[in-house]
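See structure below.
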Amino acid sequence: MSDLRTALLEELREIAALPVPAFDPDLADDFAATGRRLPYETQYFARRRHLAALALVGEAGALSSLLKDVCQERSWALPAHWEAESDPRTCVDLFACETAQTLAEILRLREDIEGAEQIEAEIRQRVLDPFFEADFPFWWEERHSNWTAVCAGAAGMAALALDYDTDVIRGRVLPALSGYIFSFGPDGGCVEGVDYWVYGFGYFTYFAEAWRDATGEDLLAGNEAIASFPARAQLYPNSFATFGDTGADTLLPAGLFSRLHDRLGVPLPAATRVQTFAEDACARWAPLTRTLDWGRPFETEVEPGRSLLADVGWFVERRQIGRRMWALAVKGGFNDEPHNHLDLGSFLIAVDGEQLLCDPGAGEYTAAYFGPERYEQVHPSAAWHSVPTVEGAGQQLGEDSRAELVGTVDGVDVYVDAYGDGALIRKLAWTGESISLEDYGPEITESFVSRIRPELEGTTAVWAGERGTLVLHGINPEDAVVDSVDALDHRGAPDRLWALRFGLRSGAESSGLRFELL
């Protein structure tokens, strides 16, 4: 713990010694003009990172000056979240609430800040008054997702830091958080994936502990299943199933996981190292400060294991083969989830955390990515997941398009009803040092997606990774094709995906495919 804290504080001192990042307020209009979020958001989060460093290890003068600049921003909300015909200054979104909490806790932490009264007034006027005095619920109070926990939890922590009456907080924050918790099924799985579990359940936990300090009430008790989700979705240390809008670089706040382990006795995920503050692209105050207070290093190894989360529709199994840890992860659920992809029945195969057959995870967030054109974007589309077409049709969008997972002795069966009149049954099973796949349905064209180009030879395809090799036996060489697409990942970096596609042989009852694990 002392080493973790020492390393974080040293990093913060290095950040605080740098010049204050440049901030161009006119970039706030770039989203409306181009649909791109990163130009404005990059500078926004760089400013928040510097603010956190100054608040924890910096001089009062520099901190006070930057706080003044933050209070002069047109909005604390991101431009992508501004609502038409509404004042951006009082837009209550994720990052407005996070900023309110950050500033409120800085005011409580530091007594040497100039203009503290004006800062508190900005917190109240921009976030707390619009939230606590509203006569109507915000959409995120009714449609439960990570937004519910982050907005309500961060606003609640800001109110606690400013000594609001706890009855006021109870009346608005606790109902929202209760709805968030009740949105989970009995298995505790998160339909939004591990990244958004860390975000949403993280802010629930941060608020719950602040509330327990203030009132003695324990909101965490009884949530062991939810708290166990990341460990059950783990492929390898630092590596998780990337279903939905999840990235390959999941943030693992050491404070959050340490506290959940201590309070609820849940298993910790494994990680070979503690992440730096720089690795949190959004430079969040709550995970940083709670890691400084509560954090300690993770376990560094993950054991073989199997998890079937039937309610959320996730299957993850790790098997040790020789000196390598292989993992199979399969996706069920429905095609109208928060951060939804058209991915019912898709699967990934990984070796020591390297995905040889991959789930693409999150693409760059743009206006189109969250607009009517979402499923024309690469990462959420069915075309770039390992799912087949059935009778030439791709998967359909909607809550009625569903996939049920049923565990078997050696794997999982997937019953997919997402193709209109067509239906698909997938059977995946471990067979020694291989994974078999049998697909049943009319006129199936297979697709297998990777960030590694497959090499074809006769009836086999080979994906040669850095940590292992996957060989697919049984492809149809008569019409097998390999194509690729270039896109941008969640951070705006180039992301090339490869797909092997082929139709099942005429008259074949099932695919009879076998993935050899080398």
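The pair Glu73-Arg47 meets the salt-bridge criterion, since a charged nitrogen lies less than 4.0 angstrom from a carboxylate oxygen. Salt bridge status for Asp218 with Arg263: present, with a side-chain N to carboxylate O gap under 4.0 Å. Note on Arg74 versus Asp29: salt bridge recorded, some NZ/NE/NH1/NH2 to OD/OE distance being below 4.0 Å.
The salt bridge (charged side-chain N to carboxylate O under 4.0 Å, His left out) check on Glu217 picks up Arg170, with sequence neighbours excluded. Checked against side-chain contact (heavy atoms from CB on, under 4.5 Å), Ser228 has the following partners two or more places apart in sequence or in another chain: Arg232, Val266, Pro267. In this structure, the salt bridge (charged side-chain N to carboxylate O under 4.0 Å, His left out) partners of Arg259, at least two apart in sequence or on a different chain, are Glu209. Checked against salt bridge (charged side-chain N to carboxylate O under 4.0 Å, His left out), Asp245 has the following partners two or more places apart in sequence or in another chain: Arg374. Qualifying side-chain contact (heavy atoms from CB on, under 4.5 Å) partners for Ala271, counting only residues two or more places apart in sequence or in other chains: Asn238, Leu252, Phe298. Scanning for side-chain contact (heavy atoms from CB on, under 4.5 Å) contacts around Asp165 gives Asp167, Val168, with sequence neighbours left out. Listed by chain and residue number, nothing satisfies the salt bridge (charged side-chain N to carboxylate O under 4.0 Å, His left out) test with Asp359 (two or more places apart in sequence, or in another chain). By the side-chain contact (heavy atoms from CB on, under 4.5 Å) test, Asp262 is found to be paired with Arg296, residues two or more places apart in sequence or in another chain being considered.
Separation of atoms CH2 (Trp294) and CZ (Phe257) is listed at 13.0 Å; rounding is to 0.5 Å. Here Phe240 contributes atom CZ and Thr246 contributes atom OG1; the two are 10.5 Å apart, rounded to the nearest 0.5 Å. With rounding to the nearest 0.5 Å, the separation of CH2 in Trp285 from OG1 in Thr102 is 7.0 Å. Between Glu354 atom CD and Ser239 atom OG the span is 10.0 Å, to the nearest 0.5 Å.
Evaluation of the salt bridge (Lys or Arg N to Asp or Glu O under 4.0 Å) test over residues 129-143, restricted to residues two or more places apart or in two chains, returns Glu141-Arg172.
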Review item, side-chain donor-acceptor pairs of residues 56-68, under 3.5 Å, at least two apart:
unit_1	atom_1	unit_2	atom_2	d
Ser64	OG	Ala60	O	2.9
Ser64	OG	Glu114	N	3.0

If you look only at distance, which donor and acceptor atoms sit under 3.5 Å apart when one is on a side chain in residues 88-100 and the other is two or more places apart or in another chain?
unit_1	atom_1	unit_2	atom_2	d
Arg89	NH2	Glu122	OE1	2.9
Arg89	NH2	Glu122	OE2	3.3
Arg89	NH2	Gln125	OE1	3.1
Thr90	OG1	Asp87	O	3.4
Asp93	OD1	Phe95	N	3.0
Asp93	OD1	Ala96	N	2.7
Asp93	OD2	Leu78	N	3.2
Asp93	OD2	His81	ND1	2.7
Glu98	OE1	Tyr203	OH	3.3
Glu98	OE2	Tyr199	OH	2.3
Thr99	OG1	Tyr44	OH	3.3
Thr99	OG1	Arg48	NE	3.2
Thr99	OG1	Arg48	NH2	3.4
Thr99	OG1	Phe95	O	2.7

Just list the side-chain donor-acceptor pairs under 3.5 Å for residues 7-20, sequence neighbours left out, or say none.
unit_1	atom_1	unit_2	atom_2	d
Glu11	OE1	Phe277	N	2.9
Glu11	OE2	Phe277	N	3.3
Glu11	OE2	Ala278	N	2.8

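Here the closest heavy-atom approach between residue Pro360 and residue Leu497 is recorded as CB-CD1, 3.9 Å. Here the closest heavy-atom approach between residue Asn340 and residue Pro380 is recorded as O-CB, 4.1 Å.
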Task: Steps toward side chain to side chain contact (heavy atoms under 4.5 Å, CB included) verdict (Leu251, Gln275) - done: CA-CA 8 Å; Leu251 184 69; Gln275 292 164 321; 3.6 Å; yes
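Close placement of the Phe229 and Trp314 rings is indicated, their centers lying within 6.0 Å of each other. Taking the six-membered ring where the residue is Trp, the centroids of Tyr40 and Phe23 are separated by under 6.0 Å. Between Trp140 and Phe131, the distance separating the two ring centers is shorter than 6.0 angstrom.
Under the ring-ring contact (aromatic ring centres under 6.0 Å, His included) rule, Trp147 has a single partner from Tyr180, Phe138, Trp139, which is Trp139.
No donor-acceptor contact under 3.5 angstrom links the side chains of His379 and His341, judged on distance only.
With a 6.0 Å cutoff to the six-membered ring centre and a 45° limit on the axis angle, Arg37 does not count as a cation-pi contact of Tyr365.
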